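See below for the structure under consideration.
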Amino acid sequence: MTEPIPDSFQPHSLMVVVAHPDDAEFMVAGTVAKWAKHGCEVTYVIVTRGDKGSDDPAMTSSKLTEIREAEQREAGAILGVKHFEFMGYPDGYLQHTLELRRDITRIVRKYRPEVLVTFDPTHRLVGESYVNHPDHRATGDATVDAVFPSARDRLTFPELLVDGLEPWKVHQLWLGFSKEPNVCVDISQGIEAKRAALAAHPSQFGNEVQEFVIEMAKADARDHQFDYGESFHRITLDVPLQGMEPSSPD
């Protein structure tokens with residue numbers, strides 16, 4: 001069973017690192033809407049261009065890149081996202097390289113988020129009908145390594161110091177789509193924002209996928225006293241944030 005996140009938990013800054021436009025809406029849109037409404041400064045980092053996701057013979061990668069970036073910006077605006085970083089890696093070919101880790105480390109040091117959300121890179125096979133996209137796993141792997149230890153350690157990627165990017169310790173790392181979630185956020189008040197943000201990606205899916213995601217949110221909340229949730233595997237790396245102090249020992 002997952003632990004419900006108290007409403008008093010309110011980070012000042014959140015970074016979401018995903019592989020493709022629309023990934024964040026599936027994974028964390030309700031949480032983004034909830035926290036942004038209360039003043040959290042949210043940054044979206046989209047690693048690839050999402051330029052392979054079309055079966056239209058007339059579509060080109062360059063055109064699809066433009067469409068999907070516009071869709072992502074619209075979805076983020078619905079949720080209250082303040083900053084966007086489109087890293088521009090090709091869709092479908094992503095690998096966990098030192099270059100990718102350095103580039104993500106650069107962005108982490110630039111924005112200095114308290115909480116960072118990305119994919120659980122260990123989750124390869126999902127149920128009996130889905131293989132997790134390799135770009136998702138590569139993004140999760142590189143981001144986890146960027147958070148710990150690369151963004152923290154002064155002597156890692158010293159060229160970032162030359163650019164004025166000092167080390168930064170992310171306080172909490174949250175892994176989405178995890179096999180072993182341990183926390184759940186009540187997104188009941190953000191569920192319509194999540195639905196609207198999903199609808200901002202018409203190049204990728206229709207109403208049936210939106211409804212599937214909403215049913216996933218119901219399933220995440222089934223053990224709690226709220227209707228819709230988003231679950232994550234939370235790792236606390238630094239000092240506890242306000243509203244998330246560890247329980248007192250018995």
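Everything numeric here is computed off the predicted structure, so don't read it as measured data.
Residues meeting the ring-ring contact (aromatic ring centres under 6.0 Å, His included) test with F205, sequence neighbours left out: F26. For the side chain to side chain contact (heavy atoms under 4.5 Å, CB included) test, residues two or more places apart in sequence or in another chain that qualify with D7 are K34. Shown here are the side chain to side chain contact (heavy atoms under 4.5 Å, CB included) partners of P134, two or more places apart in sequence or in another chain: R137.
In the model, S54 has no side-chain atom that pairs as donor or acceptor with a side-chain atom of D56 under 3.5 Å. A side-chain N or O of D145 and one of H96 form a donor-acceptor pair less than 3.5 Å apart. Of the N and O atoms on the side chains of Q204 and H20, not one donor lies less than 3.5 Å from an acceptor on the other residue. Between the side chains of E85 and T43, not a single donor N or O lies within less than 3.5 Å of an accepting N or O. When only modelled atom types and interatomic distance are considered, W168 and E166 share no side-chain donor-acceptor pair under 3.5 Å.
Remark: side-chain polar atoms of E230 are paired, donor with acceptor, to backbone N or O of G30 under 3.5 angstrom. Side-chain N or O atoms of E71 include one that pairs as donor or acceptor with a backbone N or O of S203 at under 3.5 Å. Counting only distance, with no hydrogens or angles, the side chain of K194 and the backbone of E25 share a donor-acceptor pair below 3.5 Å. Remark: the backbone N or O of E180 is paired with a side-chain donor or acceptor of H233 at under 3.5 angstrom. A side-chain donor-acceptor contact under 3.5 Å links D120 to the backbone of T122. For the pair R49 (side chain) and G88 (backbone), a donor-acceptor distance under 3.5 Å is present. Looking at D220, its side chain does come within 3.5 Å of a backbone N or O of S231 through a donor-acceptor pair. Side-chain atoms of H133 come within 3.5 Å of backbone N or O of D135 as a donor-acceptor pair. At least one donor-acceptor pair closer than 3.5 Å links the side chain of D186 to the backbone N or O of S188.
Put simply, the side chain of D141 does not reach to within 4.5 Å of the side chain of F119, judged on heavy atoms. Using a 4.5 Å cut-off on side-chain heavy atoms (C-beta onward), L116 and T118 make contact. You'll find the side chain of D227 stays beyond 4.5 Å of the side chain of K218, heavy atoms only.
A cation-pi contact links K52 to Y93, judged by a cut-off of 6.0 Å to the six-membered ring centre and 45° from its axis.
Within a 6.0 Å radius of CD in Q225, no more than 12 heavy atoms belonging to other residues, nucleotides or ligands are found. By the neighbour-count criterion of 12 heavy atoms within 6.0 Å, atom CZ of F226 is densely surrounded, having more than that number from other residues, nucleotides or ligands.
When all heavy atoms of P113 and V108 are compared, the closest pair comes out as CD-O, 3.5 Å.
Put simply, the residue from R106, R101, R109 that forms a side chain to side chain donor-acceptor pair (under 3.5 Å) with S150 is R101. A side chain to side chain donor-acceptor pair (under 3.5 Å) with R68 is found for exactly one of D51, D22, T48, namely D22. When the options Q10, K169, H12 are evaluated for a side chain to side chain donor-acceptor pair (under 3.5 Å) with E114, the one that passes is H12.
Proximity of the aromatic rings of H123 and F177 is defined here by a centroid distance below 6.0 angstrom, and this criterion is not met.
The structure places NZ of K110 at 8.5 Å from CG of L165, a figure rounded to the nearest 0.5 Å.
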Problem set entry | Pair S13-E41, side-chain hydrogen bond (donor to acceptor under 3.5 Å, both in side chains): steps then yes or no | CA-CA 5 Å; S13 55; E41 187 162 313; over 6 Å; no
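Taking the six-membered ring for Trp and thresholds of 30 and 60 degrees, Y111 and H83 have ring planes inclined between 30 and 60 degrees apart.
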